[in-house]
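To start, the structure itself, in structure tokens.
Chain A is the first sequence line, chain B the second, and so forth, proteins listed ahead of strands; every chain is numbered from 1. Values reported hereafter were calculated over all heavy atoms of this structure, with side chains retained and with hydrogens, waters and symmetry mates removed.
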2 protein chains.
Amino acid sequence: MARYRVGLETRERILAATRRLLSEVGIEGVTLKAITDQAKVGAGSFYNLFDSKDDAVFEVVREAVEAVDPDPAGAGTDSLEDLVDAFVAFMTGSSPIARIYLQLAGRGLTDTGIAVRVLRSHRRRVERFTDAWQREDPTLSEREAQQRAETMLAALTGLGMTTLMDPGFDMRTHAMRLLPDSALVRGA
Amino acid sequence: MARYRVGLETRERILAATRRLLSEVGIEGVTLKAITDQAKVGAGSFYNLFDSKDDAVFEVVREAVEAVDPDPAGAGTDSLEDLVDAFVAFMTGSSPIARIYLQLAGRGLTDTGIAVRVLRSHRRRVERFTDAWQREDPTLSEREAQQRAETMLAALTGLGMTTLMDPGFDMRTHAMRLLPDSALVRGA
DNA sequence: TACATATTGGAGCGTCCACTCCAGTTTTGC
DNA sequence: GCAAAACTGGAGTGGACGCTCCAATATGTA
């Protein structure tokens, strides 16, 4: 889309504005007008660079979600605890993008296009957790490790929802109970 | 609101229409016009009986969610397995209201009014699960049982989201792993 | 420099939607 | 049977919002 330098810069300004709005007023507050006002750009410029409003929103959320990974390089050195810790930090941290992420997932329940994107990032995460499980306990079968990873992530997601709705909820304690040391997600 | 017989009947027609629409076209498809058309009622009649569109939607979802309970009387005879089973059935069953429920929860992440309603029903459910845990293992402290209940529900919610987005996902198997026989949610 | 192409702002279009208003009708209690 | 109050339909209001269109301008290339 953007081919000239100015275009690329405008694109960045738009993404920054979207990011800021998502954080400050939530997903409902992100209207096209809000974005273009914040970015000091006309609607025409916006559509010269993005196909739709959601395009910009997805881009911002995708970046934020990827940043959750404590080991983006995927070097395979992060422990289960690291992963859980990073997830908890994401949910309880100051960035309100966590809310947005779960809300998008909620929308994915009826919008197939969104579901595909959410599932894709979910699967990536399951892989990371599966690897960590096997590193923790090399005797685990691939299948078993994957089931534990899936269950663990599900629990983390559910705990995340509760903590986002109920600020008094102690997510970290509950989440730590999921670690193998606590014998919580160990299989049959 | 409704004081006369006709009013109560109209109210029921409106709720039935809303229920049907939620099932057939999802939460986005439920517009006031859709409801009033389906119920064969004027907008004025609607607002004579409900304060807002969301009022009717909440009422329908609340009824559906309460119906999940295998033992509505709360006689305290349902086992953990019964509860988990009922939850899985709700999520994987034919009623699309499960989607709506999770979507509303998603909205609750930014809408305080919704969060309050969602948390209220969440807490009720945690109580039921806590009781069941204590029935299963009477040596459990209240606190421990409650933590296990919270974790279990979180995992079920997360698994529910995955299964709603990915029809190929085997929720039942994963959910059953959470039962004490499978040593999954047992504490430290 | 000259030209093709990218970029720009923003007025305005089309649509959708929750909700109000109200005059007329029906129901109910007495 | 009568009055008060509830109920009714639906036209109309006000506003939000995503996106298009386009003339004017800036940018990069040869």
Interface limits on DNA chain C, where chain B has a heavy atom under 4.0 Å of a nucleotide atom = C/dC17 to C/dT28
Of B/K33 and A/G7, whose closest DNA chain C nucleotide lies nearer the 5' terminus?
-> A/G7
Just report the end-to-end axis angle for the helix from C/dT1-D/dA30 to C/dC30-D/dG1, five pairs per end, to 10 degrees.
-> 30°
For B/V116, the other hydrophobic cluster members (4.5 Å side-chain criterion, sorted by chain and number) are none
Residues which pass side-chain hydrogen bond (donor to acceptor under 3.5 Å, both in side chains) with B/R172, listed by chain and number, not counting sequence neighbours | B/D85
Mind checking whether A/L153 and A/H122 have side chains closer than 4.5 Å, heavy atoms only?
-> yes
Tell me, with the steps shown, if A/D170 and A/T173 meet side-chain hydrogen bond (donor to acceptor under 3.5 Å, both in side chains).
-> CA-CA 6 Å; A/D170 180 2; A/T173 298; 2.4 Å; yes
Residues passing the salt bridge (Lys or Arg N to Asp or Glu O under 4.0 Å) test with A/K33, sequence neighbours excluded, are A/D37
Residue pairs passing the ring-ring contact (aromatic ring centres under 6.0 Å, His included) test where at least one lies in residues 82-101 of chain B, sequence neighbours excluded | none
Which pairs count as side chain to side chain donor-acceptor pair (under 3.5 Å) when at least one residue sits in residues 15-25 of chain A, sequence neighbours excluded?
-> A/R19-A/E63, A/R20-A/E24, A/R20-A/Q38
Quick one, give me the B/S/- string for nucleotides 19-30 of chain D, reading 5' to 3', where B means a protein heavy atom under 4.0 Å from the base and S means that only happens at the primed atoms, P, OP1 or OP2.
-> BBB-----BS--
N-O pairing of B/D82 and B/R128 below 4.0 Å = no
Which residue pairs pass the ring-ring contact (aromatic ring centres under 6.0 Å, His included) test when at least one of the two sits in residues 20-65 of chain A, sequence neighbours left out?
-> A/F46-A/F50
State plainly whether the residues A/D54 and A/R117 are in salt-bridge range, i.e. N to O under 4.0 Å.
-> no
Residues two or more places apart in sequence or in another chain: which of them pass side-chain hydrogen bond (donor to acceptor under 3.5 Å, both in side chains) with A/R5?
-> A/E9
Sub-4.0 Å heavy-atom contacts from residues 10-24 of chain B onto DNA chain C, ordered by number | none
Contacts of A/E127 that satisfy salt bridge (Lys or Arg N to Asp or Glu O under 4.0 Å) - sequence neighbours left out = none
